[in-house]
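What follows is a single structure, written as structure tokens, with notes after it.
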Amino acid sequence: MQPLDPATLNTLTDYEDYSVTSHSYDTTRRPIGVEVILGCFAATNTPPLQEQVILDAGCGTGNYLQAIHDKVGICHGIEINDGMLAQAQSKLGNGSSVHFDHGSLLELPYPDEFFDGIMCNQVIHHLDDPMPTEDFPNVKTMLSACYRVLRPHGVLILNMCSRHQLLDGFWWADLIPRVVEQMAARIPSLELTGKMLEAVDFQLGGLIVPLHEVLQGPSYFDPRGPLKKSFRDGDSTWALLSEQELQTTLEQIRTLNENGDITQYLDEREKRRKRVGQTTFIFARK
Ligand SMILES: C[S@@+](CC[C@H](N)C(=O)[O-])C[C@H]1O[C@@H](n2cnc3c(N)ncnc32)[C@H](O)[C@@H]1O
């Protein structure tokens, strides 16, 4: 594989420092919706799931690959951050059925029609800074790259948060409204995502929302969780806060805990989360 052009590496938006985050990422992150992903890949059935060649685009520490690698044929993970990639490699090795590449989703270094399926979990919000003139140029580039490397009828699955889910699916959203809006602006709406998929000739399959799982696993329900840096590192929305905003928010969380109001606050937020979930899986076929 060709070494990456530094200009390409710079397209990664850098508000979250994944070289640091990689060390604690797995303490607060779970691969949710694995059965959704496997179901979408299996629906093709030619070849059968256990023979399919799958790409995890932006594989991070390899949580999703770890969950699916023994159920599919051959897996490839591509990741731009060295620290995240090192964690993935240490978990899964770089053997005959799981391969890792350091690279960018904007220039997928694979031959045309190489994959039966591609999953892209929680990466889209890193691809573009909000642009006044053009909508999500890097997401468009990434979708075109995915189209090229998928075989005909191959499946692309995008796992992303809708604006509604950012607002209602995470209990701390009311406490950090400015950066939740800022994060929402980084993510195309579900409608626009569908249009962008169709513009590169994908056929839309549908949307699935797993309501019973949370991205942070059991740690999500820790009422003091955000007081810990390792917890905040598991959700890049926290990285958008200024130091002053962070300190004010942490003080609010300490007060909610100390005066006992946190239980009612979390119960109310949990009702909202259960209605919308945290993330949406959009699947499409070449
Ligand atoms: C929130 S993490 C998700 C990781 C993994 N997919 C998961 O769900 O656990 C986002 C990941 O996308 C990676 N990433 C961001 N932009 C990328 C790009 N242009 N090419 C490849 N990886 C990228 C980041 O380095 C980070 O590891």
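In each ligand, atom 1 is the first atom listed, and ligand 1 is the first ligand listed. Treat the numbers as computed from the prediction; the structure is a model and nothing was measured. For reference, positions follow the sequence shown, starting with 1.
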Query raised in the report: Is there any N or O on I78 that sits under 3.5 Å from an N or O of ligand 1?
Result: no
Query raised in the report: What are the atoms of ligand 1, with element, lying closer than 4.0 Å to any heavy atom of Q122?
Result: 1 (C), 2 (S), 3 (C), 10 (C)
Query raised in the report: Under 4.5 Å between any side-chain heavy atoms of Q50 and V72, yes or no?
Result: no
**Report entry** D201/K286 salt bridge by N-O under 4.0 Å criterion
**Finding:** no
Query raised in the report: Relative to ligand 1, is C59 under 4.0 angstrom through side chain, backbone, both or neither, heavy atoms considered?
Result: backbone
**Report entry** Nearest option to atom 12 (O) of ligand 1, as decided by whichever heavy atom of V123, L85, L65, T141 sits closest
**Finding:** V123
Query raised in the report: Which bit of L127 gets closer than 4.0 Å to ligand 1, counting heavy atoms only: side chain, backbone, both or neither?
Result: side chain
**Report entry** Backbone or side-chain N or O of L106 under 3.5 Å from ligand 1 N or O
**Finding:** no
Query raised in the report: Would you say ligand 1 has an N or O under 3.5 Å from any N or O of H125?
Result: no
Query raised in the report: Under 3.5 Å between some N or O of ligand 1 and some N or O of Y64?
Result: no
**Report entry** Lys/Arg N to Asp/Glu carboxylate O, E245 vs R178, below 4.0 Å
**Finding:** yes
Query raised in the report: What are the atoms of ligand 1, with element, lying closer than 4.0 Å to any heavy atom of Y25?
Result: 1 (C), 2 (S), 3 (C), 4 (C), 7 (C), 9 (O)
Report task. Find all atoms of ligand 1 within a distance of less than 4.0 Å from any non-hydrogen atom belonging to N81, and give their numbers and elements. Result -> 25 (O)
Query raised in the report: Aromatic ring centroids of H76 and Y110 under 6.0 Å?
Result: yes
Query - Pick from G77, G58, P31: the one approaching atom 5 (C) of ligand 1 most closely through a non-hydrogen atom - result: G58
Report summary line: Across all chains, not counting sequence neighbours, the side-chain contact (heavy atoms from CB on, under 4.5 Å) partners of D26 are T61, N63, K91
Query raised in the report: Any salt bridge between R275 and D168, counting N to O under 4.0 Å?
Result: no
Report task. Give a yes or no answer on whether the side chain of R186 reaches the backbone of H125 with a donor-acceptor pair at less than 3.5 Å. Result -> yes
Query raised in the report: Any non-hydrogen atom of G103 lying under 4.0 Å from ligand 1?
Result: yes
Query raised in the report: Just distances here: any N/O of D56 and N/O of ligand 1 closer than 3.5 Å?
Result: no
**Report entry** Charged N-O contact under 4.0 Å between D233 and K229
**Finding:** yes
Query - Which of the ligand 1 atoms, numbered from 1, are nearer than 4.0 Å to a heavy atom of S104 - result: 19 (N), 20 (N)
Report summary line: Heavy-atom proximity to atom 20 (N) of ligand 1, picking from L108, L105, N121, points to L105
Query raised in the report: Under the salt bridge (Lys or Arg N to Asp or Glu O under 4.0 Å) test, which residues partner E181, sequence neighbours left out?
Result: R163
Query raised in the report: Quick one: does Y64's side chain get under 4.5 Å of C120's, heavy atoms only?
Result: no
